[in-house]
Amino acid sequence: MQRSHRNGDLSRVHVGETVHLLGWARRVRNLGSLIFIDLRDRWGLVQLTADTTTISPELLHTLKSVRSEFVLSVQGTVELRKSPNQEMPTGDIEVRILDLKILNSSLTPPIPVEDGEEPAGEELRLRYRYLDLRKNSLQKNLWLRSEMTHLIRDHFRQNDFIEVETPILTKSTPEGARDYLVPSRVHAGEFFALPQSPQLFKQLLQVSGFERYFQICRCFRDEDLRADRQPEFTQVDVEMSFINQDDIQDLISRLMVRLSSMVGRTIHTPIPQITYRDAMEFYGSDKPDLRFENRIFDVTHFFAHSEFKLFRNAAESQGQRRVRALGFSGPVAGNLSRKQLDRLEEQAKHLGAGGLPYIKWGKEGLSSSLKKFISEEEAGEIAKALGFSGEGLILLAVGTDTQTSRVLGELRNLCGQQFELIDPSVFAFVWVTEFPMFEWNEESHRWVAVHHPFTSPHPDDLELLEDRPSACRALAYDLVLNGFEIGGGSIRIHSSELQSRIFRLLGISAAEAQEKFGFLLEALSYGAPPMGGIALGLDRMAMLFAGEASIREVIAFPKTAQARCLMTSAPSFVDLRQLTDLGLLKENKQTYRVGAVFFESEASSPALRRALGKRIQEMTSTQTQGLISFDSKGQVIDARTIQEGPFFEFE
RNA sequence: GGGGUCGUAGCUCAGUCGGUUAGAGUGCCAGCCUGUCACGCUGGAAGUCGCGGGUUCGAGUCCCGUCGGCCCCGCCA
């Protein structure tokens with residue numbers, strides 16, 4: 001069965017032709033002696049029409065039974081419309097139905113299949129994802145994503161890169177995110193891990209001499225989710241030999257120019273750069289949103305003689321504690337209500353600040369929570385230092401670098417939105433460079449790699465490694481777009497000795513390094529070239545390019561914040577047989593799995609099974625797991641609802 | 001692990017101080033309708049107020065627990 005035309009392609013030039021169309025009935029309008037059907041296919045929408053007074057009774061009967069989302073095969077003639085619809089690309093014409101076959105019917109969709117003002121709740125959208133995906137917005141997003149991947153492949157091919165696939169079943173490594181594990185049947189008790197990224201493989205491919213590698217690959221991290229984080233996500237993975245940071249940044253910057261122009265944005269190379277230190281100092285974030293300029297300023301010295309003890313103490317702390325300020329000029333910020341300021345203060349407290357001192361110039365002049373301690377001239381001088389006069393608002397934070405950055409950085413983002421300082425059409429890319437090598441982890445009481453353990457230290461900081469790890473910079477860089485980290489990379493260590501030194505510093509013993517990364521250390525000692533690379537988050541890029549607020553909008557079948565797939569109900573319990581095959585069950589115990597409406601046991605007879613199933617159904621609700629103890633005759637001894645542990649064992 | 005927020009008709013939501021028969025829009029079903037395109041008009045059906053327990057003469061509403069969606073902190077080299 002073939003269509004003669006795509007619905008969206010039809011226009012005035014086809015008038016008079018007989019066409020064969022296929023698609024879904026988007027909407028049926030029955031006016032009595034006149035019926036209209038909007039027929040949707042992948043390429044567009046066209047209006048079908050029929051005059052019920054002139055068509056055959058059979059066709060009339062079929063037409064009357066058509067409902068939304070029925071799948072239709074239609075033969076008809078293209079005609080000019082009596083009343084054209086300018087809103088519609090095919091609005092000049094319509095197709096007069098000669099014959100219509102219903103290829104399949106459809107239940108009434110549980111969610112609207114069109115983009116409307118009030119979309120269905122996300123739970124239902126995910127449950128019926130295949131219907132949600134019929135919507136124009138999601139189709140467009142997935143198309144954009146597809147176009148992006150094509151352009152990306154094109155870019156790397158043009159630059160002499162080879163695309164190589166790396167294993168999905170791989171080795172669990174310490175450091176980094178929690179792994180998703182896959183038990184090995186052949187080697188009971190042993191596990192593969194799904195890759196958090198192909199990091200080590202791409203480095204080994206450099207050792208192999210491929211020099212320029214890329215891959216668009218799925219990565220897995222078993223960590224808690226966010227609007228821009230899914231347990232599985234797609235990375236554009238890149239690695240090159242004999243290059244420096246500039247080479248990679250140039251390659252990727254040019255890619256960003258091409259991608260941006262795909263969605264009508266013009267950006268220029270070189271993409272601006274900022275060091276990690278400056279990003280933290282001026283924007284309070286390692287992924288600053290540069291769509292608006294408002295910077296954080298150090299105003300500690302203004303309070304050297306202040307009556308306000310908290311601030312004066314900071315001024316006297318010799319840099320241990322600082323007073324930092326974030327200013328917003330203009331009447332919107334200057335005339336913030338008490339209530340709005342309270343809300344900001346609440347946010348600040350949430351971020352760990354004791355409060356949120358402010359100075360504000362509004363219609364009624366100066367007002368400030370520091371009024372007792374600060375004169376109008378002093379306030380004016382601070383405003384001058386921040387580069388504005390007239391109406392406006394200054395928010396203050398006191399504390400360590402980290403504390404004040406955290407508070408003011410977050411408030412900067414909040415206020416940027418609230419004061420509408422952000423032009424949503426702007427793409428503000430920035431490279432953040434010179435990340436620190438290590439940060440102290442309180443929990444494990446050791447230094448951990450900020451990027452990853454294979455990152456090369458900055459050559460100027462090599463002597464600092466052992467003595468002042470916190471001061472040591474890495475040859476690591478992030479690509480940031482509109483306040484989102486869309487990529488990160490580094491120059492790698494290509495010396496076996498230096499790599500061992502870093503492992504030691506990270507508290508990874510020689511024995512452990514050998515066990516976990518022996519293959520890498522070995523490979524590095526066989527003529528590994530200098531190398532470096534980057535990984536770009538394809539989902540986040542697609543999200544930002546599509547103008548969406550969540551990566552779920554650019555992923556065909558995403559998972560919920562609790563890492564479930566509501567459509568397939570994965571993850572799910574598996575057959576006991578599978579578990580025993582994998583060596584995950586102890587054989588000498590009977591393990592009964594009990595849930596809402598079922599339980600299983602290899603030992604139980606069908607009769608016992610039925611009897612127990614009935615008892616379990618009586619005792620547990622449909623949405624909980626039950627833990628039930630019973631004796632050999634199936635008498636229930638004890639039953640309660642549990643949250644975790646689907647398994648229940650007894651001797 | 002923690003915090004916030006939501007859960008009422010197929011869908012999106014309203015529901016006052018705890019009070020009689022739980023509403024609206026939309027969708028659905030039926031009838032009418034010759035230029036609709038979010039068709040219109042008339043009528044109709046449609047509810048485990050997420051689930052469980054408690055308080056009360058009485059619970060959609062108050063309390064406790066629990067399940068689920070979303071957002072955030074921790075976490076995410």
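Letters A, B, ... mirror the listed sequences (proteins, then strands); counts begin at 1.
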Pick base, sugar-phosphate or nothing for Arg125(A), based on heavy-atom distances below 4.0 Å to the nucleic acid.
nothing
Do Leu498(A) and Leu465(A) come close enough that some side-chain heavy atom pair is under 4.5 Å?
yes
If each of Arg406(A) and Gly176(A) is mapped to the nucleotide of RNA chain B with the nearest heavy atom, which maps nearer the 5' terminus, i.e. the 5' end?
Arg406(A)
In whole Å, what separates the P atom of U26(B) from that of G68(B)?
35 Å
Which atom pair, heavy atoms only, marks the closest approach of Arg129(A) to Met567(A)?
CB-SD, 3.9 Å
Just do the salt bridge (Lys or Arg N to Asp or Glu O under 4.0 Å) check on Arg229(A) and Glu223(A) with the steps written out, would you?
CA-CA 9 Å; Arg229(A) 272 164 34 188; Glu223(A) 296 293 346; over 6 Å; no
P gap between U16(B) and C6(B), integer Å:
14 Å
Salt bridge Arg473(A)-Glu434(A), side-chain N to carboxylate O under 4.0 Å:
yes
Distance, P atom - from C13(B) to C70(B), rounded to whole angstrom
15 Å
Using purine N1 to pyrimidine N3 plus N6-O4 or O6-N4 for Watson-Crick, or N1-O2 and O6-N3 for G-U wobble, each under 3.5 Å, what pairs with U56(B)?
none
Mind checking Pro110(A) for me? I need base, sugar-phosphate or nothing, with any heavy atom below 4.0 Å counting as a touch.
sugar-phosphate
Mind calculating the distance between OH (Tyr180(A)) and P (C75(B)) to the nearest angstrom?
18 Å
Protein-nucleotide distance (Asp179(A), atom CG; C76(B), atom P), rounded to Å
12 Å
Measure the distance from CG on Asp286(A) to P on C76(B) and round it to the nearest whole Å.
14 Å
Could you give the distance from CD1 (Ile37(A)) to CD1 (Ile97(A)), rounded to the nearest 0.5 Å?
4.5 Å
Which residue, Glu410(A) or Ala563(A), contacts RNA chain B at a nucleotide closer to its 5' end, judged by nearest heavy atom?
Ala563(A)
Pairwise P distance for U36(B) and C41(B), with rounding to whole Å:
14 Å
I want to check one thing: is the phosphate of G27(B), taken as OP1 and OP2, less than 4.0 Å away from some side-chain N or O of Thr108(A)?
no
With both distances under 3.5 Å as the test, what is the Watson-Crick or G-U wobble partner of U61(B)?
none
Lys559(A) atom NZ is separated from G69(B) atom C1', nearest whole Å, by 16 Å
Applying salt bridge (charged side-chain N to carboxylate O under 4.0 Å, His left out), which residue pairs with at least one partner in residues 195-204 of chain A are found, sequence neighbours left out?
Lys202(A)-Asp237(A), Lys202(A)-Glu239(A)
What is the nucleic acid contact for Pro109(A), judged by heavy atoms within less than 4.0 Å: base, sugar-phosphate only, or nothing?
nothing
Please verify the inter-ring angle class for Trp431(A) with Tyr477(A); under 30° counts as parallel, over 60° as perpendicular, anything in between as tilted.
perpendicular
Quickly work out the Met567(A) CE to G69(B) P distance and round it to whole Å.
15 Å
Measure from CG on Leu124(A) to C1' on G27(B) and round the result to the nearest Å.
14 Å
Protein-nucleotide distance (Asp224(A), atom CG; G74(B), atom C1'), rounded to Å
8 Å
How would you summarise protein contacts on nucleotides 34-46 of chain B per nucleotide, using B for base, S for sugar-phosphate only and - for none, with heavy-atom distances below 4.0 Å?
BBBBSB-------
Whole Å only: how far is the CD atom of Glu123(A) from the C1' atom of G7(B)?
8 Å
Quick note, side chain to side chain donor-acceptor pair (under 3.5 Å) partners involving residues 405-416 of chain A, not counting sequence neighbours, are Arg324(A)-Ser405(A)
If the C1' atom of U61(B) is compared with that of G43(B), how far apart are they to the nearest Å?
33 Å
Let me confirm one number: the CZ-CD distance from Arg540(A) to Glu485(A), rounded to the nearest 0.5 Å.
6.0 Å
Using a 4.0 Å heavy-atom cut-off across all strands, classify Ser197(A) as base, sugar-phosphate, or nothing.
base
Could you measure between the two C1' atoms, the one in A59(B) and the one in U42(B), and give it in whole Å?
38 Å
Short side-chain N/O contact from Arg127(A) to OP1 or OP2 of G10(B), under 4.0 Å:
no
Does the structure show a Watson-Crick or G-U wobble partner for C70(B), both distances under 3.5 Å? Name it, or say none.
G4(B)
Determine whether any donor atom in the side chain of Arg226(A) lies under 3.5 Å from an acceptor atom in the base of G74(B), or the reverse, and answer yes or no.
yes
Could you give the distance separating G54(B) and G10(B) at their P atoms, to the nearest angstrom?
28 Å
Establish whether the base of C29(B) is bridged to the side chain of Arg67(A) by a donor-acceptor pair shorter than 3.5 Å.
no
Can you tell me the base-pairing partner of G44(B)? Count Watson-Crick or G-U wobble geometry only, both distances below 3.5 Å, and say none if there is no partner.
C28(B)
What distance do Leu63(A) atom CG and Ser56(A) atom OG have between them, rounded to the nearest 0.5 Å?
9.0 Å
Quick one: the side chain of Arg221(A) and the base of C76(B), do they pair up donor-acceptor inside 3.5 Å?
no
For atom C1', what is the distance between C62(B) and G23(B), given to the nearest Å?
22 Å
